[in-house]
Amino acid sequence: MSSTEGSADRSAVRAANRALNIAEFEAGAVSLASLPRVLFVELTENCNLSCPMCRSNGPFDRTKNMSPELFDRIARELFPTAEIVDLRGWGESTILRRFPEYLATTLDYGCTPRLVTNLTVPNEDVWRTLVRNRGFISVSLDAATQETLAVLRTGAKLQAILDNLAIIADEARVSGVGLDRVNLNVVVQQQGIGELTRIVALAAELGIAVHLNPLSTDENDPGNLRFHLDALRAALGDTAAFAQERGVDVRINAALDELWAEPEHAAKLCTHPWMYCYVNYRGQVGFCDHLIGAPGEEYLVGDLATASFAEIWNGSNYRELRASHRDWQDGPIARFDECNWCYRNRYVDFDEVSYPLYGRHIVPLTVASCAGFTRRPSA
């Protein structure tokens with residue numbers, strides 16, 4: 001069989017799985033004949049930065065890296081039907097010596113790679129390979145000055161990030177693939193509110209989009225955005241005006257304050273229990289890329305060390321998960337309380353790729369939308 005024929009066969013398999021998966025999602029099926037189309041493979045829980053919003057990086061611990069044997073098992077079983085493979089989890093995957101091999105395997109299976117990264121690692125070949133192969137790259141950047149970045153993402157060097165962004169932009173130009181799959185992913189935090197416009201200015205220079213996300217923290221934490229709404233509202237207004245002037249696509253992935261939420265975009269059936277699957281470095285299985293790492297252990301629904309993937313995918317935990325989401329409008333989801341927050345606040349941050357109809361729930365930051373950012377009375 002030629003490589004062209006092999007590629008055509010893979011495409012046909014994925015197309016059939018995609019059609020079935022979307023149909024099962026729309027029907028609210030609890031047991032699925034389709035397989036997950038977006039995989040999150042946590043190669044490591046190690047990170048080279050120490051971010052207060054996340055955790056201390058601590059010393060590098062090889063036991064928190066996925067074994068090559070486990071990666072190969074996942075690839076054999078799930079990559080043939082997966083469309084997108086996100087090679088990250090709670091750590092920074094690009095610090096791994098074997099990351100280029102894992103990326104090459106992903107591409108060999110015909111999957112589109114995705115990466116959410118702090119972009120601090122100087123590996124030009126990796127960045128060029130991702131861009132050249134139309135990978136999705138979401139760059140975590142919450143500040144536009146080294147001083148603020150040092151507070152929010154301890155250990156990060158802004159110049160290293162800028163250098164890697166320049167490489168990404170250059171490869172997009174050389175390869176002619178464009179930068180529509182690259183964005184700056186901003187967790188809006190108190191210390192960085194005043195630098196939002198400067199972040200958008202950087203995006204304007206590169207020709208990439210900006211995604212805004214709220215900081216997740218205890219509601220009584222002084223850093224909670226609810227204590228900084230006046231400053232945030234003013235900064236967003238300035239940022240929206242600047243983005244409009246420079247033609248930068250800025251979107252809000254989830255309400256930056258719960259009383260600013262737009263229910264018409266948040267209140268929709270979550271795709272994740274049907275379309276997504278997360279496997280951590282130990283082989284434990286979850287369903288959501290927002291509920292990962294040590295804080296998300298309660299959201300795990302299976303373990304590849306004790307069960308096959310087929311047993312997990314249609315096991316009792318996954319079936320109960322899908323049923324609770326299918327019926328979310330009838331009352332709160334009991335086991336997964338974080339999901340209730342999403343049904344009130346989360347719009348889309350990547351869901352429209354696997355389910356294009358959700359493109360209508362993309363919420364752009366505009367001057368007009370900023371005018372609506374006022375404290376609404378509680379229900």
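Sequence neighbours left out, the pairs with a member in residues 102-129 that pass salt bridge (Lys or Arg N to Asp or Glu O under 4.0 Å) are Asp86-Arg114, Glu124-Arg128, Arg128-Asp170, Arg128-Glu171.
Taking the side chain as every heavy atom from C-beta outward, Asp257 and Pro214 never approach each other to under 4.5 Å. For the pair Val285 and Leu300, the minimum side-chain heavy-atom distance is 4.5 Å or more. No side-chain heavy atom of Thr44 sits under 4.5 Å from any side-chain heavy atom of Glu92. With a 4.5 Å cut-off on side-chain heavy atoms, Val41 and Val85 count as touching. Phe99 is listed as a side-chain neighbour of Leu43, based on a closest heavy-atom distance under 4.5 Å. Two residues are said to be in side-chain contact when any heavy atoms from C-beta on lie closer than 4.5 Å; Asn185 and Val139 fail this criterion. Contact check for Leu196 versus Val200: no side-chain heavy atoms found under the 4.5 Å cut-off. With contacts defined as side-chain heavy-atom distances shorter than 4.5 Å, the pair Leu149/Asp142 does not qualify.
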Practice task
Check the pair Leu165 / Leu206 against side chain to side chain contact (heavy atoms under 4.5 Å, CB included), numbers first and verdict last.
Solution key: CA-CA 8 Å; Leu165 281 169; Leu206 295 165; 3.8 Å; yes
Practice task
Kindly determine whether Phe287 and Tyr276 satisfy ring-ring contact (aromatic ring centres under 6.0 Å, His included), including the steps that lead there.
Solution key: CA-CA 6 Å; Phe287 64 95; Tyr276 284 32; 9.8 Å; no
Handout entry: Full working for side chain to side chain contact (heavy atoms under 4.5 Å, CB included) between Leu365 and Cys370
Key = CA-CA 7 Å; Leu365 178 72; Cys370 290; 3.6 Å; yes
Exercise for the section: Show your working on side chain to side chain contact (heavy atoms under 4.5 Å, CB included) between Tyr318 and Cys277 and close with a plain yes or no. Expected result: CA-CA 11 Å; Tyr318 245 119; Cys277 182; 4.0 Å; yes
Practice task
Kindly indicate, with the supporting measurements, whether the criterion side chain to side chain contact (heavy atoms under 4.5 Å, CB included) is fulfilled by Phe79 and Thr106.
Solution key: CA-CA 7 Å; Phe79 283 21; Thr106 301; 3.7 Å; yes
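Put simply, the side chain of Glu42 never gets that close to the backbone of Tyr278: no donor and acceptor are under 3.5 Å apart. Arg73 contributes a side-chain N or O that, together with a main-chain N or O of Leu304, makes up a donor-acceptor pair within less than 3.5 Å. Looking only at distances, no side-chain donor or acceptor of Asn213 sits under 3.5 Å from a matching main-chain atom of Val187. A donor-acceptor pair under 3.5 Å links the side-chain atoms of Ser93 to the main chain of Leu87, judged by distance alone. Between the side chain of Arg233 and the backbone N or O of Phe373, at least one donor-acceptor pair lies under 3.5 Å. Not one N or O on the side chain of Asn118 forms a donor-acceptor pair closer than 3.5 Å with the backbone of Ser140. Judged purely by atom type and a 3.5 angstrom limit, Asn317 has no side-chain atom pairing as donor or acceptor with the backbone of Gly302. Within the 3.5 Å criterion, the main-chain N or O of Leu32 finds a donor-acceptor partner in the side chain of Asn314. At least one donor-acceptor pair closer than 3.5 Å links the side chain of Asn133 to the backbone N or O of Thr129. Judged by distance alone, with hydrogens and angles left aside, the side-chain atoms of Asn21 form no donor-acceptor pair with the main-chain N or O of Met275 at under 3.5 Å.
Note: the hydrophobic cluster containing Val186 also contains Leu158 (ILVMFWY, side chain heavy atoms under 4.5 Å, direct or indirect links). Neither Val116 nor Val131 shares a network with the other; the hydrophobic side chains, linked directly or stepwise wherever heavy atoms of I, L, V, M, F, W or Y lie under 4.5 Å apart, form separate groups for each. With hydrophobic clusters built from ILVMFWY side chains whose heavy atoms lie under 4.5 angstrom apart, Ile84 does not share a cluster with Leu20. Placement of Ile193 and Val210 within a single hydrophobic cluster is found when ILVMFWY residues are connected by side-chain heavy-atom separations under 4.5 Å, directly or transitively. Residues Phe227 and Leu215 fall into different hydrophobic clusters, defined by Ile, Leu, Val, Met, Phe, Trp and Tyr side chains chained together at heavy-atom separations under 4.5 Å.
When all heavy atoms of Phe40 and Asp289 are compared, the pair lying nearest together is CE2-CB, 3.4 Å. Taking both residues in full, the closest heavy atoms of Pro113 and Leu107 are given as CD-CD2, 3.7 Å, listed atom of the first, atom of the second, then distance. Residues Thr154 and Val151 share a closest heavy-atom pair of OG1-O, 3.9 Å. For the pair Ser369 and Pro364, the tightest heavy-atom approach, listed with the atom from each and the gap, is OG-O, 3.8 Å. Closest non-hydrogen pair, Gly207 versus Leu179, comes out as O-CB, 4.0 Å. The minimum heavy-atom distance linking Ile168 with Trp127 is given by the pair CG1-CB, 4.0 Å.
Taking CG from Leu236 and CG from Leu212, the interatomic distance works out to 7.0 Å, rounded to the nearest 0.5 Å. Between the OG1 atom of Thr63 and the CD atom of Glu45 there is a distance of 9.5 Å, given to the nearest 0.5 Å. In this structure, CD1 in Ile208 is found 15.5 Å from CZ in Arg181, a value given to the nearest 0.5 Å. For the atom pair OG (Ser175) and CZ (Arg134), the distance works out to 11.0 Å, reported to the nearest 0.5 Å. To the nearest 0.5 Å, the span separating CG on Asp303 from CD on Glu311 amounts to 12.0 Å. Once rounded to the nearest 0.5 Å, the distance linking NZ of Lys64 with CG of Asn280 reads 11.5 Å.
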Could you list the donor-acceptor pairs under 3.5 angstrom formed by side chains in residues 342-353, with sequence neighbours left out?
| unit_1 | atom_1 | unit_2 | atom_2 | d |
| --- | --- | --- | --- | --- |
| Tyr343 | OH | Cys270 | N | 3.2 |
| Tyr343 | OH | His325 | ND1 | 2.8 |
| Arg344 | NE | Glu258 | OE2 | 2.4 |
| Arg344 | NH1 | Asn340 | O | 3.4 |
| Arg344 | NH2 | Glu258 | OE2 | 3.3 |
| Asn345 | ND2 | Trp341 | O | 3.0 |
| Tyr347 | OH | Glu262 | N | 3.1 |
| Asp349 | OD2 | His290 | NE2 | 2.9 |
| Asp351 | OD1 | Asp349 | N | 3.4 |
| Asp351 | OD2 | Thr271 | OG1 | 3.3 |
| Asp351 | OD2 | His272 | NE2 | 3.1 |
| Glu352 | OE1 | Arg251 | NH2 | 3.4 |
| Glu352 | OE2 | Arg251 | NH1 | 3.2 |
| Glu352 | OE2 | Arg251 | NH2 | 3.4 |

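Looking at residues two or more places apart in sequence or on another chain, you find a ring-ring contact (aromatic ring centres under 6.0 Å, His included) between His361 and His265, Tyr358.
Judged by distance alone, the side chains of Asn224 and Thr217 never bring a donor and an acceptor atom under 3.5 Å apart. A donor atom on one side chain and an acceptor atom on the other are not found under 3.5 Å apart for Glu83 and Ser354. When only modelled atom types and interatomic distance are considered, Glu26 and Tyr355 share a side-chain donor-acceptor pair under 3.5 Å.
A cation-pi arrangement is present between Arg322 and Trp313 under the rule of less than 6.0 angstrom and at most 45 degrees off the ring axis.
Only one option out of Gln191, Glu195, Arg153 pairs with Thr148 in a side chain to side chain donor-acceptor pair (under 3.5 Å); it is Glu195.
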